[in-house]
Amino acid sequence: MGDIADLTAKTYEIARLIPHGRVTTYGHIARLAGYPNYSRHVGNALKMLPPDSTVPWQRVISSKGIISPRGDQGLGVARQRDRLEQEGVVVTTLAGAGGEKVDIRAYGWFPENVELDG
DNA sequence: CTCATGACTTCGG
DNA sequence: ACCGAAGCCATGA
């Protein structure tokens, strides 16, 4: 523990706990994993997953409630939006470059703590 | 060592 | 509510 590999493993473990049709944030996963201030690395861990991974990476969004842009012409964002809508999450396109937004008050999942492993 | 970069977050204006 | 700046930390050039 105490390294990025550990944070990566916990990120996947926690992501699997997010209920179907709900979402949480990079920062919250970082805190639950015991690595506050490592939200960017949570995003990095999800980035490494293959597109067809069983880890529900689509349920992780930014604290602003939008699907984080990827510098890939919006392809990743589109895939994430599709996967979310597929499980009943309403995603709205904000005006201009506002991004794809999820109502975090309606779909947010923010437990104080979680049981890892076990 | 310094700089830039990122699926980030928070704070001010 | 919308931005931009600042804070954040590993990684690679």
Side-chain angles (χ1 to χ4, degrees):
Chain A
M1 11 196 260
D3 61 321
I4 299 301
D6 178 56
L7 170 57
T8 299
K10 286 181 173 159
T11 290
Y12 299 157
E13 202 175 335
I14 294 169
R16 289 183 187 285
L17 301 178
I18 307 172
H20 182 278
R22 309 289 302 285
V23 298
T24 191
T25 66
Y26 300 96
H28 194 70
I29 287 185
R31 289 194 294 277
L32 289 176
Y35 294 80
N37 304 331
Y38 279 70
S39 50
R40 311 185 79 129
H41 296 269
V42 168
N44 193 62
L46 296 178
K47 182 172 61 174
M48 295 190 284
L49 290 170
D52 61 339
S53 169
T54 59
V55 174
W57 50 267
Q58 72 272 22
R59 298 173 190 160
V60 187
I61 64 179
S62 78
S63 64
K64 294 179 183 173
I66 65 170
I67 297 177
S68 293
R70 328 271 207 277
D72 60 353
Q73 303 304 311
L75 297 180
V77 172
R79 270 209 309 275
Q80 187 166 357
R81 176 177 181 150
D82 287 343
R83 291 179 62 137
L84 280 175
E85 294 183 320
Q86 206 172 307
E87 50 186 78
V89 175
V90 175
V91 183
T92 62
T93 301
L94 298 181
E100 303 298 310
K101 182 156 194 169
V102 172
D103 184 346
I104 224 168
R105 290 193 303 182
Y107 303 102
W109 179 77
F110 301 99
E112 289 293 325
N113 47 52
V114 293
E115 287 298 319
L116 265 24
D117 282 327

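In the text below, chain A, chain B and the rest are named by the order of the sequence lines, each starting its count at 1.
- Atom CD1 of I4(A) is separated from atom P of dG6(B) by 18 Å (rounded to the nearest Å).
- Distance Y26(A) OH to dG7(C) P: 24 Å, rounded to the nearest Å.
- A sub-4.0 Å separation between OP1 or OP2 of dC8(B) and a side-chain N or O of T25(A) is absent.
- For the pair K47(A) NZ and dA7(B) P, the interatomic distance rounds to 4 Å; values are reported in whole Å.
- Distance alone, capped at 3.5 Å, places no donor-acceptor pair between the Q58(A) side chain and the Q80(A) backbone.
- Side-chain atoms of Y12(A) come within 3.5 Å of backbone atoms of A45(A) as a donor-acceptor pair (strictly under, hydrogens ignored).
- Rounded to a whole Å, the CG atom of N37(A) is 14 Å from the C1' atom of dA6(C).
- One finds no side-chain N or O of N44(A) lying less than 4.0 angstrom from the OP1 or OP2 phosphate oxygen of dG6(B).
- If you take atom P in dG7(C) and the same atom in dA7(B), they sit 22 Å apart, rounded to whole Å.
- At whole-Å resolution of the value, CD1 in I61(A) and C1' in dT9(B) are 14 Å apart.
- Checking the phosphate oxygens (OP1, OP2) of dT9(B), a side-chain nitrogen or oxygen of S63(A) falls inside 4.0 Å.
- Looking at Y107(A), its side chain does come within 3.5 Å of a backbone N or O of V90(A) through a donor-acceptor pair.
- Look at Y38(A) and you'll find a side-chain N or O under 4.0 angstrom from OP1 or OP2 of dA10(C).
- When the nearest nucleotides of DNA chain B are assigned to M48(A) and K64(A) by heavy-atom distance, the more 5′-ward of the two goes with M48(A).
- Put simply, the side chain of R16(A) reaches to within 4.5 Å of the side chain of V55(A), judged on heavy atoms.
- Between I67(A) and L84(A), some side-chain heavy-atom pair lies under the 4.5 Å cut-off.
- Rounded to an integer number of Å, the gap from CD of Q80(A) to P of dC8(B) is 10 Å.
- The separation between H41(A) atom NE2 and dG12(C) atom C1' is 13 Å, rounded to whole Å.
- One can place CG of L46(A) at 13 Å from C1' of dG6(B), the figure rounded to the nearest angstrom.
- If you check every strand for non-hydrogen atoms under 4.0 Å, G76(A) touches nothing.
- Ranking dA7(B), dT10(B), dC8(B) by closeness to the S39(A) side chain, first place goes to dC8(B).
- Residue side chain R40(A) reaches the base of dC8(C) through a donor-acceptor N/O pair under 3.5 Å, judged by distance alone.
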